[in-house]
Each structure stands twice: as C-alpha cells, then as structure tokens.
Amino acid sequence: MDWLRQLPIGQYVDGQTGWLRRLDARLKLGWTVAFLITPILAGPLWRLALVALLLLITAVCGLPWRLWRRNLPVLLALCLLVGLLASLVPVGVVASAGAMRSPQELQLAPVPQGQPAPRRQGLSWEVLRWGPIQLGPLPIGPLVVNRRSAKLGLNSATLLFTLLHSANLLLLSTPPEELVWALSWGITPLGALGLPVERLGFTLLLSLRFLPLVQEEFQNLLRSIATRAVNLRSLGWKSGFGLVLAVAERLLANLLLRSEQGAEALMARGGHWVPPAQMRLARRAARSLNLVAASALFLFLGLRWQYGAL
C-alpha cells in the first residue's frame, strides 16, 4: 500500500547526479513556462515535437531511472487514453460547410457514354470508421474518426503530457527554496506596485511543503481501508458511495487539522516570514551549463515563432 510513496510526482528528490539539478532554477522555470505557453495556437507537428523533446530531456537529464519507471508509463497511457477518447467523440460541424470542407473535395461531373463513372476527388473527410460493434444485445457504433476529431485527440494527448511532465521535471529537480527564490526573482519588479513579493514567496513555500502532507494523509486512509479488508462490491453502490464520501470527508478534516497545526507553529515562532533570498541553498554555479540552457531557450522560442504556427 506504499505505491504513492513510490511515485514521486510533484516532490523534490535529493541527489547529486544529473545536470538538471545543477541548472539555475530561473532557467528551469523559464523552460517550463515555455513548454506551457508555446503549444497555444501551435500546429500538431510542434506539439509532437514538444513531447519528443521532453522525452529526450528525461532520457539524458541524468536523474535515476527509478524516478520514471513507474509514473512515466502511467502518464503515457493516460495521455493515449485521453487522446483516443477525444478522437472518438463526435465533433459537430459549423453551419457553414464551406468553412469546413474544401470545394474541391467532391467533384462529380457528367462524363461521356462509355467512360468510367466519376469518383470523388480530394482528401477523405473520414480518417477511420470502426463498427458498428455488437456487444450482446447492444450495438455500439459506428465509431468514426474524422480529421477534426483526430486533431482534437492529438491536441488533448500532447497538451496533457506537456503540462504534467514539464511541471514534474521542474519539481523533481528543484528544491522548494530554489523554486520560490526563482519565482520571487521573476516578480520582483511588481514590488514597486505595492505587491508583497516576500510574503507571496513564503506562502508559496508553505504550499509546496504542504503537498507531501496531502500525499501522506491520503496514503494513510488507503492503508486503513486495506487493513479492514473492505469489499466495495459486497457493499453495493449506495454503501460504496457513502464510504467514498466518508473517506473524502476524513481526508479534508485531516488536512484542515494539519493546516491549523502549521499555522499555530508559525505563530508560536513570532509569525515572521523569511525572505526567499535567505532560504536559498548554497550551490555551485554552473555558468557554462546555464549559458547553454539560456541560448537553447532563445533558439527554442525562435523556432516556435518560425515553424510552430498553425
């Protein structure tokens, strides 16, 4: 029942190996923001290139493989499932058919006698047709994938993978203190407008420190259910749903209790927040690595501007 502890999602893993750990936190944050922003209004080739680039970074980043052997296959399977479901969902067409199909897609004209019958020209609107499938007395289908639904499925799968895996790479290789310092450094100019930069940074650090507590409480509740050998099938759907609600209520109550205890501990120490610059860990600067990463980031943005549009 410790499978949640074996999936380091959103938590920093300490270690000395890997160039990704030695990279400046500001550059890692900039790369993550670039991965999250550049898919907007981008074509399918750019989205697939982002997925391939993230997998390449994962393979050569130097982090232990045990960090990826469990969560990466699960994430890939989830993204493929989401893309498949999005491809099979019927996508409605707009009122104007001319905006959806090319006028040259279907050309039928009378031919002289003795000539073969006219055939449709142009690209097929349907990519795949499957079914109908007979599951007992219930027919399902036909399941049709057209060009618009295929594009929707591709966008959904690639965007989900890019969003989750890029953020996971950042959190796995960056201590919370470094990440908070990088964010505070980025929003420092807003301090001139009266924004409490130091307080926001300290609040973000508390939020990052609270994530392992949420995972621990959820793990303890799952372990308690497994210890009691609860069989949801024997309970029925009403009792099973009530059990799920009870577990969710207990999880919320435990999290609120942990939050209250943290607030009391903070107030007992005077209620003062520490500036993020003082919490930054002392690390050896990798100037050549940072220079290469910064140059690659500018090249990445230039490629998006040149080749990534629809």
Side-chain angles (χ1 to χ4, degrees), residues 3-11 28 31-59 61 63 65-94 100 123-133 135 138-173 211 214-215 218-219 222 232 237 240-241 244 247-248 251 300 304 307-310:
W3 58 273
L4 280 179
R5 298 179 182 272
Q6 300 174 3
L7 298 177
I9 300 177
Q11 298 183 25
K28 285 189 283 188
W31 270 101
T32 304
V33 173
F35 276 117
L36 298 181
I37 292 180
T38 53
I40 300 176
L41 299 179
L45 292 180
W46 180 260
R47 294 172 180 267
L48 290 175
L50 289 182
V51 174
L53 180 58
L54 280 173
L55 292 176
L56 178 62
I57 293 175
T58 304
C61 66
L63 297 179
W65 174 244
R66 64 177 181 272
L67 299 178
W68 315 111
R69 64 183 180 184
R70 290 184 176 89
N71 56 1
L72 187 57
V74 173
L75 179 59
L76 287 173
L78 175 63
C79 295
L80 290 176
L81 179 61
V82 170
L84 179 62
L85 292 178
S87 300
L88 295 177
V89 171
V91 180
V93 298
V94 296
M100 295 300 300
L123 295 175
S124 175
W125 184 249
E126 291 184 1
V127 179
L128 176 66
R129 176 178 288 270
W130 185 29
I133 304 172
L135 295 180
L138 180 64
I140 300 178
L143 302 177
V144 180
V145 179
N146 54 34
R147 280 180 279 167
R148 191 177 180 186
S149 62
K151 184 178 179 181
L152 176 62
L154 177 64
N155 293 344
S156 302
T158 54
L159 184 60
L160 180 62
F161 181 83
T162 304
L163 173 65
L164 295 180
H165 195 56
S166 60
N168 192 30
L169 271 175
L170 174 67
L171 295 175
L172 276 176
S173 59
L211 289 178
V214 177
Q215 181 178 353
F218 187 54
Q219 180 71 66
L222 291 181
L232 294 178
W237 71 271
F241 185 68
V244 172
V247 171
L251 176 63
F300 176 79
R304 168 61 178 88
Y307 301 105
L310 288 172

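- Across all non-hydrogen atoms, the minimal contact from A150 to S87 is CA-OG, 4.2 Å.
- In this structure T38 satisfies the side chain to side chain contact (heavy atoms under 4.5 Å, CB included) test together with W46, L50, F300, L301, R304, sequence neighbours excluded.
- Here the shortest heavy-atom pairing between A86 and L152 reads O-CD2, 4.0 Å.
- Partners of S166 under the side chain to side chain donor-acceptor pair (under 3.5 Å) rule, at least two apart in sequence or in another chain, do not exist in this structure.
- In this structure, the side chain to side chain contact (heavy atoms under 4.5 Å, CB included) partners of L163, at least two apart in sequence or on a different chain, are L36.
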request  = Please lay out, stage by stage, how L72 and H165 fare under the test side-chain contact (heavy atoms from CB on, under 4.5 Å).
outcome  = CA-CA 8 Å; L72 187 57; H165 195 56; 3.8 Å; yes
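- For the atom pair SG of C61 and CG of L56, the computed distance is 10.0 Å after rounding to the nearest 0.5 Å.
- Nearest heavy-atom pair, L55 versus F161, reported as atom, atom and distance to 0.1 Å: CD2-CZ, 3.6 Å.
- Taking the side chain to side chain contact (heavy atoms under 4.5 Å, CB included) definition, one finds that L85 meets it with L81, sequence neighbours left out.
- Taking L159 as the reference, P39, R47 meet the side chain to side chain contact (heavy atoms under 4.5 Å, CB included) condition, with sequence neighbours excluded.
- For the atom pair OG1 of T162 and CD1 of I37, the computed distance is 13.5 Å after rounding to the nearest 0.5 Å.
- Contact check for L45 versus Y307: no side-chain heavy atoms found under the 4.5 Å cut-off.
- Side-chain contact between N168 and L75 is absent, with no heavy-atom pair separated by less than 4.5 Å.
- Closest approach of C79 to A157, counting heavy atoms only: O-CB, 3.2 Å.
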ask   = What's the verdict on side-chain contact (heavy atoms from CB on, under 4.5 Å) for I57 and F35, showing C-alpha distance, side-chain angles and the deciding distance?
value = CA-CA 12 Å; I57 293 175; F35 276 117; 4.2 Å; yes
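- W31 and L53 get closest at one heavy-atom pair: CZ3-CD2, 4.5 Å.
- Side-chain contact between F218 and L222: present, with at least one pair of heavy atoms (C-beta onward) separated by less than 4.5 Å.
- From T32, atom OG1 reaches atom CG of L169 across 7.5 Å, with rounding to the nearest 0.5 Å.
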